[in-house]
Amino acid sequence: MKKFKKNIATAMIAAMSLSILPAQCFGEVTQAATTKKIVAKRTEVTVSTNKGLKSVLKKKNVYKIVLNTVSAKNFRVPKGNYKDKILVINSSDKSKVYIPKGTKFKKIIYLGAVKNAKLIIDETGNKIEIVSKTTLSISGKAAYADLIYRPGSETAKVTSKIDLVVTNSTKKTVKLTVMGKKISVKPGETYANSDLEIEDDETAQGAAVFNKNDGDTSENGENVKNNDTGNVSSNTENTSSNSGSTSGGTGYVGGGYYGLPYSPSGLSEEEKAAKKAEEERRAEEERKAEEERKAEEERKAEEERVAKAAAVEEADKATVTAEDYADEAEDYADEAVETDNITDIAKINAENAEKAAENARRAANEAAELVEAAKNALDSSKAKEFSELAKAKAEVAKEEMNKAKAARDEAKKEEKIKKEAIARAKKAAESASLLLSAAKEYKDSAREIADKYPTAKDLADKAEEEFNKVNELVEKANEALSTATNARSVEAAILAADLAKRSEEAASEATKLVETYMEDAYYIEAEEIDEEDEKYVREKEGKKVEEAVEKVKNALETAKEYVNKAEEAAKAAEEGKDVAATEAAAAKEAYETAKEALKEIESAFEEVKKAYDTAQTTENVYDLFKVVKDVVAAANKAETKVKEVKTAMDTALAKKAEVDKLRRAAAKKAIGDELAKQENEVKTVIKDLDKAVANVKKIAEVITQAEEYVKEVDTAKNKVDEKQRELENLRDEIINKLSDENQFDEEALKTAANDFAKKANEVKEAAEEVLAIRDKARALVPDESGKKILNLPNDNKYRPTDSGKYFGFGYSFYENGYSELNDWISSISEVYVDNIQYKKASFSKLSKDQLVYSLMFNKFNVAKPIGKKDKMRLTIKSNTYKTYTFIFNCTQTSTDILSAEETYKGLLD
């Protein structure tokens, strides 16, 4: 009797001790109200130019940057610490990426099966991952870098001139050359030079390194290991053990009692029942009040969470807007700088544009910081304050963008005016030079006549004097052109252009005087010439006419050839106007210029032919001289126009070449973008396939009917993997074709891109098959959303009773209230052990039959399985409570409950 009382006392003390413990579920404190963490909206961006890379690295909300090296080959990463960003290099043949000193990423991932990619890295300690069969050359000033081979990179060829710490995460041995030494690294192993001194680096890069004891560490850093089974005690004082043990005491078995709990003597059965009912009523009222209080707290917490999330979202939108303004401001600044300081004012405006762009970027960065402040704010009102400040920063960025635009416009205006002035000065100088050539010819003709006829000497001297004036004026025009070109203000350039024009006009007047003096000399020659000399002169001048006709004829043929080429270039350029409108328009304009010049040559040819006929019939020698002069002038003009036609043709051809280049670049970008789009769509579809396969297998562990789907889902997933490999191979082929500058076949590439899209659809369709099988398995999971949650023992100690042939639960759930325990036990509808269904039977059958369970005396008991087996599954279904699975071990004398959880919890996540 003393031992029985001692057992009662021990049990009551244990129960009281356990009741003061905090509410726990599997060792984790369950909070009454949980504050949900607001996750920052982080994005992935693809860039294909240095300018785009520079811009996106400044954006704080970008966590992954995909660098597409197809269009541009050489990339230089701006100096900076990008420890929160992943750089994915979508490599192509002959691509080169430079990582300068002081620049570190979270990690650098290399994609693409290319032959000769180069990585120059000057910052020590960067982490590089290879995920494809690329050929990569690594060099630079870094002391070392980490190199990780991922599945798919087994055949990659790496040559490094810097030291590497190589980790092989594949299933095959990898080979590479490091510092001139050929090495091999087996699967799962890491290679490092024994002389290499690796500095500690606290910068977060790549995956975390887990300590083997991490899972057994408490909050204060001590290593903790839970022993679920505890030690089986030979007496009943050790009631905190999770093991049931057989005792010889009457009524007490292991950790619980049969029948009703112990109650003090002195109360009648009616009084005890009334007291119990009152306790249960008060407990129910308290439970409801607590539920209402928690519900109200959760409602307020949810309202606060929603309000804070809205404020964060507004701040994030403002940041995105500010970054867009900063990008525009930087573009305007770049355009202003392109004026190349053409004038002092243009230089000042370029500097102002750059300063405004810097201010805009600073405002955008401050807005991004305010987003983080809003996320970390203690309440929604403070988050709203940060959100409003972020909006204000966006307005600042907008103002600075407008300043940059205005400065750009002023710089461009200066550039336009000065270039127009230079063009006018150049045209005047060139015209003056042509006048000088004509004046020289006139002057020489007058001097030739004066040498024969002294009476013409005075005219020759005057022609010489005017020719000298023309020569001086040409020099002035050229000096004015130089002044206009070097002028530091548009006013000075305009004045110089005006001076060049005036010099050209004066040279024209002086040339006309030289021509007049030559004509007067011709008149003297015509008056004084004798018959024999006249015959000689007619023959000589006739040859001049014939030479002029031939010259114009040749000029005409050459000009037509040039015009035809210009026309072809203009038509070809027109086909690419959708991507190069400016260049196509310039080619067309050059063709029109060539056509106009051709018309003038054709006109000159008609004039020369007509003059030729006139020269044959002219009786007066003086008139013959005048005709020959006009013919020679027309021939010279024709030759000059041919030069104009050729210049126009060259311009048309150059613009056509620019159009072709832009068309190729646009085609490559369009095809590259389409590949990236298809790849992203495929990634989106397949990203959760492994999770889907695992989901099916997890469901099959719980629900027997789902086992048939395991093989199906594995087969479907293998099909996806095969299709994906085919897609990657096709992608590599297309990338190689895009990288070949000498063999660019746009139609062939478009066909290949269409094939890629079809193959991508095959991958997506195969992925849909996996998801469809997953959905069929998930359909087997019962909907228990409306059922009650069973409060498991607070201390995670289930204290099962054990009677040798059977075990079960009595008042193991004592601290959670008798009413819930009784409610749960009375609602049990089905029982399974390792997916074998047990039948409900009377209490007396437990010691005789197998595969049975009993609900007697407010207690659940189940017959032990035949044979010893570790970690068996006891699944209990209820009409009103969720289904629970208890993992247990048992022997002939004891039962250990290792863990318990909702059976279907997480299966539909």
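A side-chain donor from one of Ser55 and Asp327 sits under 3.5 Å from a side-chain acceptor of the other. No hydrogens or angles considered: a donor-acceptor pair under 3.5 Å links the side chains of Asn359 and Arg362.
Judged as a salt bridge (charged side-chain N to carboxylate O under 4.0 Å, His left out), and not counting sequence neighbours, Lys54 has no contacts. Taking Glu369 as the reference, Lys60 meet the salt bridge (charged side-chain N to carboxylate O under 4.0 Å, His left out) condition, with sequence neighbours excluded. Residues satisfying the side-chain hydrogen bond (donor to acceptor under 3.5 Å, both in side chains) criterion with Glu681, sequence neighbours excluded, are Lys764. With sequence neighbours excluded, the residues that form a salt bridge (charged side-chain N to carboxylate O under 4.0 Å, His left out) with Glu335 are Arg408. In this structure, the side-chain hydrogen bond (donor to acceptor under 3.5 Å, both in side chains) partners of Asp660, at least two apart in sequence or on a different chain, are Lys656. Every residue was checked against the ring pair (Phe, Tyr, Trp, His ring centres under 6.0 Å) condition with Phe756, not counting sequence neighbours, and none meets it. For Ser380, the side-chain hydrogen bond (donor to acceptor under 3.5 Å, both in side chains) partners two or more places apart in sequence, or in a different chain, are Glu304. A search for salt bridge (charged side-chain N to carboxylate O under 4.0 Å, His left out) contacts involving Glu679 returns Arg731, not counting sequence neighbours. Remark: Lys58 pairs with Glu330 by the side-chain hydrogen bond (donor to acceptor under 3.5 Å, both in side chains) rule, at least two apart or across chains. With sequence neighbours excluded, the residues forming a side-chain contact (heavy atoms from CB on, under 4.5 Å) with Thr159 are Thr177, listed by chain and number.
By the 4.0 Å N-to-carboxylate-O rule, Lys412 lies close enough to Glu415 to be salt-bridged with it. Arg361 has no carboxylate O lying under 4.0 Å from a charged side-chain N of Glu358, or vice versa, which leaves the two without a salt bridge. Residues Lys300 and Glu303 are not paired through a salt bridge, judged by the lack of any N-O separation under 4.0 Å between the basic side chain and the carboxylate. A salt bridge links Lys403 with Glu400; the closest basic N to acidic carboxylate O contact falls under 4.0 Å. Between Glu385 and Lys382 there is a salt bridge, since a side-chain N of the basic residue sits under 4.0 Å from a carboxylate O of the acidic one.
Within a 6.0 Å radius of CD in Glu589, no more than 12 heavy atoms belonging to other residues, nucleotides or ligands are found. For Lys59, the NZ atom is densely surrounded, since the number of other residues' heavy atoms within 6.0 Å is greater than 12. Other residues, nucleotides and ligands contribute over 12 non-hydrogen atoms within 6.0 Å of the NZ atom of Lys418.
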For residues 91-99, which side-chain donor-acceptor pairs fall under 3.5 Å, sequence neighbours excluded?
residue : atom : partner : partner atom : Å
Ser91   : OG   : Leu111  : O            : 2.5
Ser92   : OG   : Thr69   : O            : 2.7
Ser92   : OG   : Thr69   : OG1          : 3.0
Ser92   : OG   : Lys73   : NZ           : 3.3
Asp93   : OD1  : Lys115  : N            : 2.9
Ser95   : OG   : Ser92   : O            : 2.8
Tyr98   : OH   : Asp122  : OD2          : 2.5

Throw together a table of side-chain donor-acceptor distances under 3.5 angstrom for residues 337-344, partners on residues two or more places apart or in other chains.
residue : atom : partner : partner atom : Å
Thr339  : OG1  : Ala336  : O            : 2.5
Thr343  : OG1  : Ala346  : N            : 3.0
Thr343  : OG1  : Glu414  : OE1          : 2.7
Asp344  : OD1  : Arg488  : NE           : 3.0
Asp344  : OD1  : Arg488  : NH2          : 3.2

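Atoms CD and CD1, on Glu410 and Ile345 in that order, are 8.5 Å from each other to the nearest 0.5 Å.
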**Request:** Please test Glu366 against Val396 for side-chain contact (heavy atoms from CB on, under 4.5 Å), starting from the C-alpha separation and ending with a verdict.
**Result:** CA-CA 11 Å; Glu366 290 172 355; Val396 171; over 6 Å; no
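In terms of modelled atom types and a separation under 3.5 Å, the side chain of Ser132 and the main chain of Gly112 share a donor-acceptor contact.
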